Each structure stands twice: as C-alpha cells, then as structure tokens.
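Below you'll find the structure, written out as structure tokens, and then a few comments.
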Amino acid sequence: MSARGEEKRKKLILQTLVFGGITAALYATAFSHASALAELFARGGYYAALPIVTVFVFSFAHGAFAGKLWSVLGIEAATKHAVQRTTAPAPRPVQRQRPRLRMNA
Amino acid sequence: MHDQAVEAVKFIDLTFINVAFLFIVGFIGGLVSGFIGSGGAFVLTPGMMSLGVPAAVAVASNMCHKFPKAMVGAYKRYKYGQVDLKLGLFMAASATVGVQVGIKIQEHILSKWGQAGSNLYVSLSFVAVLVIVGGYVFYDAWKISKSGGDEQKPRLAAWLQSINLPPMIHFKTSNVRISLWFTIPVGFITGLLAATIAVGGFAGVPGMIYVIGASSLIASATELVIAFLMGFGGTVKWAVHGMVDIRLTLIILAGSLLGVQLGAIGTTYVKEHMIKVVMGTIMLIVALSRALAVPNYLTQLGVLSFGESALSWLDTASFVTMCVALGVGAFIILRSMIKAKRSEPLVTAVETYEHA
C-alpha cells in the first residue's frame with residue numbers, strides 16, 4: 001500500500017474509533033437510564049418527538065460507525081454497479097489542427 | 001392506551017437472551033432490507049410478541065426502527081446511483097392513500113368478524129399475495145439465471161410505457177417514461193399491503209419491476225425511500241399514542257444499521273437477478289409460514305376444530321418457518337457476496353473514485 005493509502009487507512013480507523021466511541025456513549029447513556037427514558041418516551045402527545053429525535057441521532061452516529069467499520073474490515077462497494085459515473089473516462093479535448101499562417105505571395 | 005404502553009415497558013424484562021435475539025434478528029432483517037428493500041418486520045413483530053410485548057407496542061417499536069434503517073440504507077444506495085428519488089416520492093404518495101384504505105378495510109373486518117376474522121384475513125392475504133407474486137418473482141429469477149443472468153424489460157412494463165396517457169412522467173434514474181395513471185395503482189397496492197401484512201415491499205418492489213419497468217436494483221433501492229417515508233409517518237402516529245418502547249427500538253436498530261449497510265454493499269457484488277432470487281425465496285417461505293397459522297384462526301371462528309396441542313405446534317412451526325425465511329434470505333445474500341468477491345478481484349468504489 002502506498003504512503004497515501006496508508007495515511008487514508010489510518011484516518012479511516014481513527015474515524016471509526018471516534019464514531020464507535022460516540023455510539024457506545026449514546027447507548028451507555030440510554031441504557032443506564034433505560035426505565036426512566038422508556039417511561040418518558042411512552043407518554044405520547046408532544047413527547048412523541050423524543051423517540052423520533054433519538055432514533056435520528058443514534059442513526060447518524062451508529063450509521064456512520066457501521067459504514068466505516070465495514071470499510072475498515074475491507075468490505076466496500078464494488079464498482080460493477082456503484083458510482084458508475086466516476087468510472088467513465090473524462091472527456092478528451094477534441095484534437096484540432098493548429099491554424100497555420102499562410103502567405104500567398 | 002398510554003397506560004398500556006407504560007405498563008408494557010415496565011413488564012418487559014430485558015434479559016441477555018432477549019437482547020441477543022433482537023440484535024441478531026435486527027442484523028439479519030437489516031441485511032435483507034438493504035438488499036431487497038424490505039424484510040425483517042415480518043419476523044420482528046411476532047418475535048417481540050413472543051417475548052411478551054403487547055402487539056401494538058411490538059408494531060410501534062418495530063416501525064420506529066424501520067424508518068431510520070431505511071433512511072441509512074437509502075442513503076447508502078443513493079451513493080451507488082441506485083435510488084430513483086422521484087419514483088420513490090410518487091410511489092410513497094399513492095401508498096399513503098393505500099394505507100388509509102387498508103386500515104378502513106381492517107377496521108371493517110374487525111368490527112364484523114372480530115380478532116380471529118381479522119387475523120384470518122391478514123393470513124389469507126399473506127398467502128395469496130406471496131404465493132402469486134413470490135412464485136412469479138422466483139420463476140422469473142430462475143428463467144434469468146438459466147439464460148445467463150441478464151435482465152430483460154418485462155413485457156407488461158414495455159407495453160404500459162408505450163401507451164401515451166397524459167400526464168407522462170419521466171423517471172431519470174430508472175430511465176423510464178410512463179403515465180402517472182400506471183404508477184398510482186402500484187403505489188396504492190403497496191400501501192394497501194403495508195396496512196394489511198406490514199410488508200408493503202413485497203408488492204412495491206415487484207410492482208416497480210414488472211409494471212413500471214425499473215430494474216431490480218433500482219426498484220429495491222427505491223423501496224427503501226418508500227419505507228422511510230411511510231415508516232416515519234407510521235411512527236409519528238404510534239409515538240403520539242405512546243406506544244414506542246425505545247429500548248426495544250434501539251436494540252433492533254443497533255443490529256439493523258450494521259446489516260442494512262452490508263446488504264446495500266452486497267447489491268454491488270452480485271448479479272441483478274439475485275435480488276429476485278432472494279425476494280422470491282423469502283416470499284414463498286413466508287407464505288408457507290402464514291398458511292400454517294390459518295387452521296388456528298379457522299378454529300377460533302368455529303369453521304374447523306383442531307386440538308390445543310396441534311394448534312400450539314402449528315403456531316410454533318409458523319414462527320420457526322418465518323425465522324427460516326429470513327435466515328435463508330440472509331444465507332443466499334452472504335453466499336453470493338462471498339462467491340462474487342472470490343471470483344473476481346473487484347476494485348472498490350472508493351479506490352475508483354480516487355483514481356478518477
């Protein structure tokens with residue numbers, strides 16, 4: 001692996017650890033107050049916003065962690081169906097003959 | 001209603017076995033959803049009920065995990081260029097009407113024939129739809145794999161696309177131009193089925209493939225957009241009544257967010273017809289599972305008479321068969337992913353992007 005690739009991998013591992021830490025902290029907080037939270041979230045009415053906001057927050061942290069974890073483990077999308085737009089060759093400039101100065105004396 | 005939920009929250013004891021069961025089923029359900037666009041709910045809801053969770057809380061907690069899972073899956077597959085957002089929005093809009101009609105039908109059956117009648121209606125709908133649609137999807141997948149694995153545009157979709165009935169809509173990602181009047185029934189039936197058997201994707205994905213003419217890859221990815229929008233609406237409804245047990249939701253979500261991304265990645269490895277193989281297989285096994293539940297409801301209605309032990313055995317067999325459906329689906333996905341990864345050294349999307 002090239003030095004650039006190695007650096008990218010290190011960055012990916014660091015990001016995985018950061019998001020993993022955030023996710024673990026979120027779950028630890030939620031489950032250390034599980035009964036109180038469950039009761040509060042089941043009150044209905046305006047309290048309906050609580051479970052919805054909670055799952056959004058957990059999804060962003062845990063979703064990012066999960067995606068990076070699979071990448072660290074070497075499981076990434078193959079190009080066969082993915083991001084086909086980027087695999088197309090860049091348009092080449094049209095080759096035109098350079099204008100020549102002709103002097104018809 | 002609120003008190004019932006709070007009581008249920010207090011009642012459920014989260015043992016290690018319960019947590020492990022919900023996490024694993026969440027992971028496998030997520031894997032299948034990420035791959036075929038739907039799945040998992042048909043095992044999770046009865047699974048939670050078997051742990052002692054009241055039906056309403058099980059449905060609500062399942063739905064509350066479904067929409068963020070679908071959101072993450074849709075985002076992942078959007079990055080792969082597989083999501084037709086416009087098609088998803090059109091489908092979700094007509095599906096919302098279908099859900100409302102489905103609920104009205106359910107309420108009517110419940111008031112006329114009671115809980116057993118309602119359960120029988122749900123099971124018979126499950127069996128009829130899954131055998132017909134699942135059977136056809138499976139037959140089509142088998143035909144494609146025999147002919148080399150290349151999908152052809154279905155004849156029905158090609159015919160409908162040729163009819164110029166304004167307003168004509170162009171779905172860019174699917175590369176489909178079709179009349180609005182042909183997309184509405186597909187969305188409507190998806191919603192109707194979602195309200196009846198809680199798995200609208202079993203009609204939505206085949207509908208998008210065979211009626212609208214989207215590829216399996218795009219149909220299954222777009223179904224995640226529909227699942228997100230409808231799941232969100234459903235969750236708001238249930239949460240307002242205080243039915244969501246956030247602990248159950250978070251445990252399932254922990255597994256499903258890992259699974260849904262793996263399933264989404266899987267779609268980039270396998271041939272397109274594998275989506276049909278997995279979907280057809282799961283639908284046929286689930287149909288068998290629901291057929292096993294029918295004698296119980298017929299006994300409750302007094303149409304048939306079965307012994308207690310026989311009914312209990314059939315109930316267990318029905319639930320185990322459902323778990324088998326999900327397990328078989330996950331097994332096919334993982335096996336074809338491993339096979340595809342081994343057979344060709346594929347360059348990852350990220351590397352290609354960097355290279356480009």
Side-chain angles (χ1 to χ4, degrees), chain A residues 2 4-5 8-9 12 23-24 26-27 29-31 33-71 73-90, chain B residues 1-2 5-6 8-10 12 14 57 64-65 67-69 71-72 75-76 79-82 217 232 235-250 253-254 257-262 264-265 267-269 272 337 340-341 344 346-356:
Chain A
S2 66
R4 194 167 162 234
K8 279 203 177 290
R9 190 172 161 72
L12 187 66
T23 308
L26 284 172
Y27 272 98
T29 309
F31 280 91
H33 304 88
S35 302
L37 280 182
E39 241 171 274
L40 184 71
F41 286 21
R43 282 186 187 174
Y46 290 115
Y47 287 90
L50 293 174
I52 293 166
V53 172
T54 304
V55 290
F56 267 121
V57 172
F58 274 69
S59 300
F60 282 116
H62 187 35
F65 163 67
K68 290 181 192 309
L69 181 70
W70 290 126
S71 295
L73 295 173
I75 302 167
E76 284 185 289
T79 50
K80 202 165 53 178
H81 298 303
V83 285
Q84 284 166 348
R85 277 161 289 181
T86 59
T87 58
Chain B
M1 211 172 186
H2 298 187
V6 175
V9 167
K10 281 177 184 165
I12 294 300
L14 285 181
V57 178
C64 191
H65 111 277
F67 84 84
K69 171 187 77 176
M71 177 186 73
V72 171
Y75 171 70
K76 193 95 179 164
K79 283 205 301 185
Y80 304 153
Q82 299 172 349
L217 206 59
F232 182 78
T235 303
V236 171
K237 196 188 100 188
W238 283 112
V240 165
H241 291 109
M243 288 291 166
V244 176
D245 182 344
I246 194 69
R247 303 167 312 154
L248 302 177
T249 299
L250 290 179
L253 197 62
L257 288 182
L258 284 162
V260 77
Q261 301 206 40
L262 187 62
I265 294 168
T267 59
T268 68
Y269 280 92
E272 278 201 58
M337 266 179 85
K341 204 169 162 70
E344 47 183 325
L346 291 161
V347 184
T348 66
V350 176
E351 281 170 8
T352 311
Y353 182 80
E354 281 169 4
H355 182 70

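Note that the structure is predicted; figures quoted are calculated from it, not measured. Scope of the values below: all heavy atoms of this structure, side chains included, with no hydrogens, waters or symmetry mates. Naming convention: chains lettered A, B, ... in sequence-line order (proteins, then strands); numbering from 1 in each chain.
- Residues forming a ring pair (Phe, Tyr, Trp, His ring centres under 6.0 Å) with B:Y75 (at least two apart in sequence, or on another chain): none.
- Using a 4.5 Å cut-off on side-chain heavy atoms (C-beta onward), B:L250 and A:F31 make contact.
- There is no contact between B:K69 and chain A, counting heavy-atom distances below 4.5 Å.
- In terms of heavy atoms, A:A38 sits closest to B:I246 at CA-CG2, 4.0 Å.
- Distance check: A:S71 OG to B:I265 CD1 gives 6.5 Å after rounding to the nearest 0.5 Å.
- For the atom pair B:D245 CG and A:F41 CZ, the distance stands at 11.0 Å (nearest 0.5 Å).
- Closest heavy-atom contact between A:A66 and B:Q261: CB-NE2, 3.5 Å.
- In this structure, chain A has no heavy atom under 4.5 Å from any part of B:L248.
- Scanning both residues, A:A78 and B:T268, for their nearest heavy atoms gives N-OG1, 2.9 Å.
- With a 4.5 Å cut-off on non-hydrogen atoms, B:V236 touches chain A through its backbone and its side chain both.
- Here B:P68 is the residue among B:A264, B:G259, B:P68 with the most heavy-atom pairs under 4.5 Å with chain A.
- Looking at A:L69, the atoms closer than 4.5 Å to chain B (heavy atoms on both sides) all sit in the side chain, from C-beta outward.
- A distance of 8.0 Å separates NZ in B:K341 from CD in A:E76, rounded to the nearest 0.5 Å.
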Exercise answer: donor-acceptor pairs, residues 44-63 of chain A side-chain atoms, under 3.5 Å, sequence neighbours excluded:
from: A:T54; atom 1: OG1; to: A:L50; atom 2: O; distance (Å): 2.6
from: A:S59; atom 1: OG; to: A:V55; atom 2: O; distance (Å): 2.5
from: A:H62; atom 1: NE2; to: B:A254; atom 2: O; distance (Å): 2.7

